[in-house]
Amino acid sequence: MSKAILGTKLGMSQVFAENGDLIPVSVIEVLPNVVAAVKTVESDGYNAVQLGYGAVKEKHLTKPVKGQFEKAGIDPVKYLREYRLAEKPSYTVGQTLAADIFAAGEIVDVIGTSRGKGFAGTIKRHNHQRGPESHGSKNHRQTASLGARMSGGGGKVFKGKKMPGQLGGVRVTVQHLQVVRVDTARNLMLVKGGIPGAKGSLVMVQDTVKPVK
């Protein structure tokens, strides 16, 4: 059965392979995850498991969320994330998962929220080219033409046009990353390459949806 776990991005480091190669890795702290709910086709119409992660004070919870934890008989957690499964889950409510559900050499996908960079122009946001730098040019970093002249009312900006706006702060999935090392003693997982999010942000590590053929 496919699996997933929640963790905290700590940053990047590097390790050496047995042959001496230097491998850049992202360090993920994976504290124990608790199974908050189990959903099946018979009861909910689909198969899924709901994972809870992180400590939280009870005063920060709303009554509906607090009641959910009381019904499940588990301590309150800060984050709840649902992971869909193709087959009926074998997890039980209250079960604890650790980083050892993954092993070195496995291929995973990492999901997180990219770093928010505020309002940005089209050059930084969409990698557009800048205008000419010569004298007389009044278009250096401005947005280019927005809409062609059309009959019956002039130009029109079509939906989906690449324009300035908010950059980052969105859900991002980096696929096909290799697990380099799992340190169960320190609750750490090392994944080759970069993963989305700022330091201290929540990430989900799951089995890749594009396995190696």
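Keep in mind that the numbers below use all heavy atoms, side chains included, and drop hydrogens, waters and symmetry copies.
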Using every non-hydrogen atom in the two residues, find where [X] and [Y] come nearest and quote the distance to one decimal.
X: M189; Y: A99; result: CE-O, 4.0 Å
X: G193; Y: S26; result: O-OG, 2.5 Å
X: A4; Y: F102; result: CA-CZ, 4.3 Å
X: Q206; Y: M204; result: OE1-SD, 3.8 Å
X: A48; Y: P89; result: O-CG, 3.9 Å

About how many Å separate [atom2] of [Y] and [atom1] of [X], when rounded to the nearest 0.5 Å?
X: R115; Y: L167; atom1: CZ; atom2: CG; value: 10.5 Å
X: E87; Y: S2; atom1: CD; atom2: OG; value: 5.5 Å
X: R130; Y: T122; atom1: CZ; atom2: OG1; value: 11.0 Å
X: L6; Y: L97; atom1: CG; atom2: CG; value: 9.5 Å
X: L177; Y: I195; atom1: CG; atom2: CD1; value: 8.0 Å
X: L188; Y: L10; atom1: CG; atom2: CG; value: 6.5 Å

Q: Output every pair passing ring-ring contact (aromatic ring centres under 6.0 Å, His included) with a member in residues 107-141, not counting sequence neighbours, ordered by first then second residue.
A: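 Passing the test, one end in residues 107-141: H126-H128.
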Would you say that [X] contacts [Y] through its side chain, given a criterion of any heavy-atom pair below 4.5 Å between the two side chains?
X: Q178; Y: V191; answer: no
X: I5; Y: I101; answer: yes
X: R181; Y: V15; answer: yes
X: V174; Y: P196; answer: yes
X: L51; Y: V34; answer: no
X: E106; Y: D207; answer: yes
X: V172; Y: I111; answer: no

Q.
Check this for me: N139, atom CG, are more than 12 non-hydrogen atoms of other residues, nucleotides or ligands nearer than 6.0 Å?
A.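 Result for CG/N139: enclosed.
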Any donor-acceptor N/O pair, [X] side chain to [Y] backbone, under 3.5 Å:
X: T96; Y: P32; result: no
X: S201; Y: A198; result: yes
X: N187; Y: L31; result: no

Q.
Please determine whether residues M12 and V179 belong to a single hydrophobic cluster, defined as Ile, Leu, Val, Met, Phe, Trp and Tyr linked transitively by side-chain heavy-atom distances below 4.5 Å.
A.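 No, because M12 and V179 fall into different hydrophobic clusters, even though each may have its own neighbours under 4.5 Å.
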Q | In one Ile/Leu/Val/Met/Phe/Trp/Tyr side-chain cluster, 4.5 Å: Y83, V203 | A |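 Yes, Y83 connects to V203 through the hydrophobic network.
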Indicate every side-chain donor-acceptor pair of residues 52-81 with a distance under 3.5 Å to a residue at least two apart or in another chain.
unit_1, atom_1, unit_2, atom_2, d
Y53, OH, T8, OG1, 3.0
Y53, OH, E29, O, 3.2
Q68, NE2, Q50, OE1, 2.7

Q) Apart from L146 itself, which Ile, Leu, Val, Met, Phe, Trp or Tyr residues share its cluster (side-chain heavy atoms under 4.5 Å, direct or through members)? A)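 Direct or chained contacts put L146 with V157, M163.
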**Q.** Lys/Arg N to Asp/Glu carboxylate O, E133 vs R141, below 4.0 Å
**A.**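 R141 and E133: not salt-bridged.
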Without placing hydrogens or testing angles, list every side-chain donor-acceptor pair under 3.5 Å for residues 35-43, not counting sequence neighbours.
unit_1, atom_1, unit_2, atom_2, d
K39, NZ, Y46, OH, 3.3
K39, NZ, E82, OE1, 2.9
T40, OG1, E42, OE1, 3.4
T40, OG1, S43, N, 3.4
T40, OG1, S43, OG, 3.0

Q: Please name all residues satisfying side chain to side chain donor-acceptor pair (under 3.5 Å) with T143, sequence neighbours left out, ordered by chain then number.
A: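 Testing T143 for side chain to side chain donor-acceptor pair (under 3.5 Å), a comparison that skips the adjacent residues, returns none.
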Q) Stepwise, does the side chain to side chain donor-acceptor pair (under 3.5 Å) test hold for D100 with T184? A) CA-CA 6 Å; D100 56 5; T184 55; over 6 Å; no
Report, one line per pair, each donor and acceptor closer than 3.5 Å where one atom sits in a side chain of residues 17-25; sequence neighbours left out.
unit_1, atom_1, unit_2, atom_2, d
N19, OD1, D21, N, 3.1
N19, ND2, D21, OD2, 3.0

